[in-house]
Amino acid sequence: INANKPLRGTTGDSIGKALLSIIGGPIGIGITVGKEIYDSLMPEKTELPSDGIFVFEMDGPNININEETSELFSEFDSLGQSLLQSIALFLDLDKSYFETIANKGNSVMRSIHYPPVRKDDKGERSGAHEDINLITLLIGGHQPGLEIKSKDNKWISVDTAPEVLVCNIGDMLQRLTNHKLVSTTHRVNAPKETMDISRFSIPFFVHPNPDWLIETLDSCCTEDNPKR
(Lines give C-alpha, C1' and ligand atoms only; values in the text may rest on other atoms or scores of the structure.)
Protein backbone atom coordinates (compact mmCIF):
# COMPACT_ATOMS: atom_id res chain seq x y z
CA ILE A 1 0.00 0.00 0.00
CA ASN A 2 1.37 3.41 -0.92
CA ALA A 3 1.41 5.45 2.29
CA ASN A 4 1.51 8.69 0.32
CA LYS A 5 -2.01 8.16 -0.96
CA PRO A 6 -5.29 8.10 0.99
CA LEU A 7 -6.51 4.60 1.69
CA ARG A 8 -9.21 4.24 -0.90
CA GLY A 9 -10.01 1.10 -2.87
CA THR A 10 -10.49 -2.61 -2.43
CA THR A 11 -9.11 -4.94 0.17
CA GLY A 12 -7.89 -7.45 -2.38
CA ASP A 13 -7.36 -11.17 -2.20
CA SER A 14 -3.68 -11.13 -1.17
CA ILE A 15 -4.29 -8.67 1.68
CA GLY A 16 -7.37 -10.61 2.78
CA LYS A 17 -5.43 -13.87 2.94
CA ALA A 18 -2.66 -12.22 4.93
CA LEU A 19 -5.14 -10.87 7.47
CA LEU A 20 -6.88 -14.23 7.66
CA SER A 21 -3.61 -15.99 8.44
CA ILE A 22 -2.88 -13.51 11.25
CA ILE A 23 -6.23 -13.18 13.03
CA GLY A 24 -8.00 -16.39 12.02
CA GLY A 25 -11.71 -16.65 11.29
CA PRO A 26 -13.93 -14.65 8.96
CA ILE A 27 -13.17 -11.13 7.87
CA GLY A 28 -14.94 -8.48 5.83
CA ILE A 29 -13.95 -7.69 2.26
CA GLY A 30 -14.91 -4.28 0.97
CA ILE A 31 -14.54 -1.30 -1.31
CA THR A 32 -13.68 2.15 0.04
CA VAL A 33 -14.78 5.32 -1.71
CA GLY A 34 -13.51 8.81 -0.94
CA LYS A 35 -12.19 12.10 -2.28
CA GLU A 36 -8.57 12.93 -3.03
CA ILE A 37 -6.92 15.10 -0.38
CA TYR A 38 -4.52 17.77 -1.57
CA ASP A 39 -1.96 18.78 1.03
CA SER A 40 1.75 18.50 1.76
CA LEU A 41 1.28 15.11 3.42
CA MET A 42 0.21 13.51 0.15
CA PRO A 43 2.54 14.65 -2.65
CA GLU A 44 1.34 12.15 -5.24
CA LYS A 45 -1.74 13.51 -6.96
CA THR A 46 -4.47 11.64 -8.76
CA GLU A 47 -6.47 13.16 -11.58
CA LEU A 48 -9.98 13.64 -10.23
CA PRO A 49 -13.33 13.06 -11.90
CA SER A 50 -15.63 16.08 -11.99
CA ASP A 51 -17.21 15.29 -8.60
CA GLY A 52 -13.87 14.56 -6.92
CA ILE A 53 -14.91 11.02 -5.95
CA PHE A 54 -12.66 8.14 -6.90
CA VAL A 55 -11.45 4.70 -5.87
CA PHE A 56 -7.79 4.13 -5.07
CA GLU A 57 -6.87 0.58 -6.03
CA MET A 58 -4.86 -1.16 -3.31
CA ASP A 59 -4.89 -4.67 -4.76
CA GLY A 60 -6.86 -6.71 -7.25
CA PRO A 61 -8.75 -5.75 -10.41
CA ASN A 62 -9.79 -2.19 -11.20
CA ILE A 63 -13.13 -1.05 -9.82
CA ASN A 64 -15.38 1.34 -11.75
CA ILE A 65 -17.47 3.73 -9.68
CA ASN A 66 -20.88 4.34 -11.21
CA GLU A 67 -23.16 7.34 -10.81
CA GLU A 68 -25.20 5.71 -8.06
CA THR A 69 -22.11 5.19 -5.87
CA SER A 70 -20.98 8.79 -6.34
CA GLU A 71 -24.47 10.05 -5.57
CA LEU A 72 -24.67 7.95 -2.40
CA PHE A 73 -21.31 9.29 -1.22
CA SER A 74 -22.48 12.87 -1.79
CA GLU A 75 -25.75 12.26 0.09
CA PHE A 76 -23.87 10.69 3.00
CA ASP A 77 -21.43 13.61 3.03
CA SER A 78 -24.26 16.14 3.11
CA LEU A 79 -26.09 14.30 5.89
CA GLY A 80 -22.87 14.06 7.91
CA GLN A 81 -22.43 17.82 7.72
CA SER A 82 -26.04 18.36 8.85
CA LEU A 83 -25.57 16.06 11.83
CA LEU A 84 -22.37 17.87 12.80
CA GLN A 85 -24.37 21.11 12.84
CA SER A 86 -26.86 19.51 15.24
CA ILE A 87 -24.03 18.21 17.42
CA ALA A 88 -22.49 21.70 17.53
CA LEU A 89 -25.78 23.16 18.75
CA PHE A 90 -26.10 20.39 21.36
CA LEU A 91 -22.65 21.37 22.64
CA ASP A 92 -23.68 25.05 22.80
CA LEU A 93 -21.31 25.90 19.96
CA ASP A 94 -21.97 27.92 16.87
CA LYS A 95 -23.91 25.91 14.29
CA SER A 96 -21.05 26.35 11.81
CA TYR A 97 -18.35 25.13 14.24
CA PHE A 98 -17.48 22.00 12.23
CA GLU A 99 -17.71 23.66 8.80
CA THR A 100 -14.00 24.51 8.68
CA ILE A 101 -13.04 21.32 10.51
CA ALA A 102 -14.62 18.75 8.19
CA ASN A 103 -14.85 20.49 4.83
CA LYS A 104 -11.94 19.02 2.87
CA GLY A 105 -13.43 15.71 1.78
CA ASN A 106 -11.50 13.45 4.14
CA SER A 107 -14.52 11.21 4.84
CA VAL A 108 -14.77 7.71 3.40
CA MET A 109 -17.60 5.35 2.47
CA ARG A 110 -17.18 1.60 2.54
CA SER A 111 -19.20 -1.21 1.05
CA ILE A 112 -18.40 -4.28 3.13
CA HIS A 113 -19.10 -7.93 2.38
CA TYR A 114 -18.91 -10.33 5.33
CA PRO A 115 -18.70 -13.86 3.86
CA PRO A 116 -20.69 -16.78 5.26
CA VAL A 117 -19.24 -18.23 8.46
CA ARG A 118 -18.52 -21.91 8.99
CA LYS A 119 -19.17 -23.51 12.34
CA ASP A 120 -15.47 -24.22 12.86
CA ASP A 121 -14.35 -20.66 11.98
CA LYS A 122 -12.60 -18.72 14.74
CA GLY A 123 -13.19 -15.09 15.57
CA GLU A 124 -16.03 -12.71 14.68
CA ARG A 125 -16.99 -10.90 11.53
CA SER A 126 -15.72 -7.75 13.19
CA GLY A 127 -14.51 -7.76 16.79
CA ALA A 128 -15.44 -5.18 19.40
CA HIS A 129 -14.01 -1.76 18.54
CA GLU A 130 -14.66 1.98 18.34
CA ASP A 131 -14.27 4.08 15.19
CA ILE A 132 -11.50 6.67 15.23
CA ASN A 133 -13.35 9.40 13.31
CA LEU A 134 -15.96 12.01 14.37
CA ILE A 135 -19.18 10.12 13.60
CA THR A 136 -20.08 7.06 11.56
CA LEU A 137 -23.27 6.74 9.54
CA LEU A 138 -24.44 3.24 8.75
CA ILE A 139 -27.07 1.88 6.42
CA GLY A 140 -28.44 -1.16 8.21
CA GLY A 141 -27.13 -4.50 6.96
CA HIS A 142 -29.64 -6.74 5.23
CA GLN A 143 -28.73 -9.41 7.77
CA PRO A 144 -28.59 -9.10 11.61
CA GLY A 145 -25.29 -9.04 13.44
CA LEU A 146 -24.46 -5.43 14.37
CA GLU A 147 -24.33 -5.03 18.15
CA ILE A 148 -23.48 -2.08 20.43
CA LYS A 149 -22.18 -2.26 23.99
CA SER A 150 -24.36 -0.58 26.63
CA LYS A 151 -23.13 1.32 29.70
CA ASP A 152 -23.69 -1.80 31.79
CA ASN A 153 -21.48 -3.83 29.41
CA LYS A 154 -24.30 -5.73 27.72
CA TRP A 155 -24.39 -6.33 23.97
CA ILE A 156 -27.54 -4.98 22.30
CA SER A 157 -28.56 -6.02 18.80
CA VAL A 158 -29.14 -3.10 16.42
CA ASP A 159 -32.29 -3.96 14.47
CA THR A 160 -33.49 -1.11 12.26
CA ALA A 161 -35.89 -0.63 9.38
CA PRO A 162 -34.31 -0.37 5.89
CA GLU A 163 -34.91 3.39 5.75
CA VAL A 164 -33.21 4.05 9.14
CA LEU A 165 -29.56 5.12 9.46
CA VAL A 166 -27.49 4.42 12.55
CA CYS A 167 -25.11 7.13 13.83
CA ASN A 168 -22.17 6.18 16.05
CA ILE A 169 -19.94 8.57 17.98
CA GLY A 170 -16.24 8.18 17.16
CA ASP A 171 -13.01 8.60 19.15
CA MET A 172 -12.26 12.09 17.83
CA LEU A 173 -15.61 13.50 18.95
CA GLN A 174 -15.17 11.77 22.31
CA ARG A 175 -11.76 13.45 22.67
CA LEU A 176 -13.12 16.87 21.65
CA THR A 177 -15.98 16.66 24.19
CA ASN A 178 -13.90 15.22 27.03
CA HIS A 179 -16.01 12.04 26.94
CA LYS A 180 -19.30 13.94 27.21
CA LEU A 181 -20.15 12.18 23.96
CA VAL A 182 -18.77 8.65 24.30
CA SER A 183 -17.35 6.66 21.41
CA THR A 184 -19.64 3.74 20.56
CA THR A 185 -18.21 0.28 21.17
CA HIS A 186 -19.66 -2.08 18.57
CA ARG A 187 -19.06 -5.36 16.79
CA VAL A 188 -20.47 -7.50 13.99
CA ASN A 189 -21.45 -10.93 15.22
CA ALA A 190 -22.58 -13.94 13.21
CA PRO A 191 -25.91 -15.22 14.62
CA LYS A 192 -26.34 -18.97 14.25
CA GLU A 193 -29.56 -18.46 12.30
CA THR A 194 -27.86 -16.47 9.53
CA MET A 195 -24.15 -17.35 9.82
CA ASP A 196 -24.23 -19.28 6.54
CA ILE A 197 -25.46 -16.21 4.62
CA SER A 198 -23.34 -13.29 3.43
CA ARG A 199 -23.84 -9.95 5.17
CA PHE A 200 -23.46 -6.58 3.46
CA SER A 201 -23.30 -3.12 5.00
CA ILE A 202 -22.35 0.43 3.93
CA PRO A 203 -20.78 2.60 6.66
CA PHE A 204 -19.77 6.23 6.06
CA PHE A 205 -16.98 7.56 8.25
CA VAL A 206 -17.12 11.33 8.76
CA HIS A 207 -13.53 12.47 9.23
CA PRO A 208 -12.12 15.92 10.03
CA ASN A 209 -9.55 17.67 7.88
CA PRO A 210 -6.08 16.12 8.25
CA ASP A 211 -4.62 19.34 9.69
CA TRP A 212 -7.19 19.70 12.50
CA LEU A 213 -5.69 19.76 16.00
CA ILE A 214 -8.09 18.19 18.50
CA GLU A 215 -8.26 20.30 21.65
CA THR A 216 -10.77 19.45 24.37
CA LEU A 217 -13.59 21.97 24.66
CA ASP A 218 -13.38 23.95 27.90
CA SER A 219 -17.18 23.86 28.11
CA CYS A 220 -17.01 20.07 28.47
CA CYS A 221 -14.65 20.20 31.45
CA THR A 222 -16.19 20.39 34.91
CA GLU A 223 -15.34 19.44 38.49
CA ASP A 224 -17.19 16.17 37.98
CA ASN A 225 -15.57 15.64 34.57
CA PRO A 226 -12.08 17.23 34.65
CA LYS A 227 -10.03 17.51 31.47
CA ARG A 228 -8.57 14.16 30.51
Side-chain angles (χ1 to χ4, degrees), residues 1-11 28-42 44-58 63-91 93 95-113 126 129-141 146 164-177 181 183-184 186 188 200-215:
I1 300 174
N2 188 340
N4 291 323
K5 291 187 177 181
L7 296 182
R8 311 285 198 270
T10 63
T11 303
I29 301 172
I31 300 171
T32 301
V33 180
K35 291 186 177 182
E36 176 66 286
I37 305 165
Y38 286 87
D39 63 24
S40 59
L41 297 178
M42 297 174 182
E44 296 188 21
K45 308 306 179 185
T46 301
E47 183 177 351
L48 292 175
S50 59
D51 58 7
I53 301 172
F54 80 112
V55 165
F56 166 59
E57 180 64 28
M58 297 197 305
I63 302 296
N64 294 320
I65 297 300
N66 57 28
E67 293 182 3
E68 289 79 8
T69 303
S70 297
E71 181 180 358
L72 180 58
F73 181 97
S74 297
E75 292 293 330
F76 260 136
D77 199 30
S78 177
L79 177 59
Q81 295 302 317
S82 295
L83 287 173
L84 288 179
Q85 289 179 352
S86 297
I87 291 171
L89 293 175
F90 173 77
L91 296 171
L93 302 171
K95 181 180 179 180
S96 62
Y97 177 82
F98 289 100
E99 285 185 5
T100 58
I101 290 174
N103 64 336
K104 294 183 181 179
N106 202 20
S107 299
V108 292
M109 179 180 75
R110 290 180 183 150
S111 176
I112 303 175
H113 167 223
S126 180
H129 66 283
E130 298 83 35
D131 297 333
I132 194 173
N133 45 290
L134 289 167
I135 57 175
T136 300
L137 310 179
L138 182 68
I139 295 178
L146 177 64
V164 174
L165 271 72
V166 176
C167 179
N168 287 342
I169 302 297
D171 292 345
M172 293 183 183
L173 193 55
Q174 175 179 266
R175 177 72 181 91
L176 176 70
T177 63
L181 297 177
S183 187
T184 308
H186 56 287
V188 179
F200 298 87
S201 67
I202 305 178
F204 186 87
F205 303 92
V206 179
H207 280 269
N209 302 336
D211 58 354
W212 179 49
L213 176 63
I214 305 176
E215 294 181 313

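Note: hydrogens, waters and symmetry copies are ignored here, and every other heavy atom, side chains too, is used. This chain uses plain numbering: 1 for the first residue, then up along the sequence.
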**Message:** Using 0.5 Å steps for rounding, measure from the CD atom of E75 to the CG atom of L137.
**Reply:** 12.0 Å

**Request:** List the steps, then state whether side chain to side chain contact (heavy atoms under 4.5 Å, CB included) holds for F98 with L173.
**Result:** CA-CA 11 Å; F98 289 100; L173 193 55; 4.0 Å; yes

**Asked** Just wondering, do D211 and K104 contact through their side chains at under 4.5 Å, heavy atoms?
**Response** yes

**Asked** Do the rings of F73 and F204 sit parallel, tilted or perpendicular, given the 30° and 60° boundaries?
**Response** perpendicular

**Item:** Nearest-0.5 Å distance, CG of residue N209 to CD1 of residue I101
**Value:** 8.0 Å

**Message:** Using modelled atom types and a 3.5 Å cut-off, is there a donor and acceptor pairing between side-chain atoms of N106 and backbone atoms of H207?
**Reply:** no

**Item:** Pairwise distance CG(L84) to CZ(F90) - rounded to 0.5 angstrom
**Value:** 14.0 Å

**Prompt:** What are the two closest non-hydrogen atoms of K95 and A88, and how far apart are they?
**Reply:** O-CB, 4.1 Å

**Steps toward side chain to side chain contact (heavy atoms under 4.5 Å, CB included) verdict (L89, Q85)** = CA-CA 6 Å; L89 293 175; Q85 289 179 352; 5.8 Å; no

**Complete:** Tightest non-hydrogen contact, residues V206 and G80, listed as CG2-CA, 4.1 Å

**Asked** Between atom OG of S183 and atom CD1 of I135, what is the distance when rounded to the nearest 0.5 Å?
**Response** 12.0 Å

**Prompt:** If you measure from CD1 on I87 to OG1 on T177, what distance do you get to the nearest 0.5 Å?
**Reply:** 9.5 Å

**Nearest atoms (heavy-atom pairs only) where L134 meets M172** = CD2-CB, 4.0 Å

**Message:** Checking the side chain of T184 only, and the main-chain atoms of I169 only, is there a donor and an acceptor separated by less than 3.5 Å?
**Reply:** yes

**Item:** Other residues, nucleotides, ligands: >12 heavy atoms within 6.0 Å of I132 CD1
**Value:** no

**Request:** Quick one: list whatever passes side-chain contact (heavy atoms from CB on, under 4.5 Å) with T100, sequence neighbours left out.
**Result:** none

**Asked** Heavy-atom distance under 4.5 Å between the side chains of I202 and L72, does that happen here?
**Response** yes

**Request:** To the nearest 0.5 angstrom, please state how far the OG atom of S78 sits from the CG atom of L83.
**Result:** 9.5 Å

**Fill in**
By side chain to side chain donor-acceptor pair (under 3.5 Å), E130 pairs with (sequence neighbours left out) T185

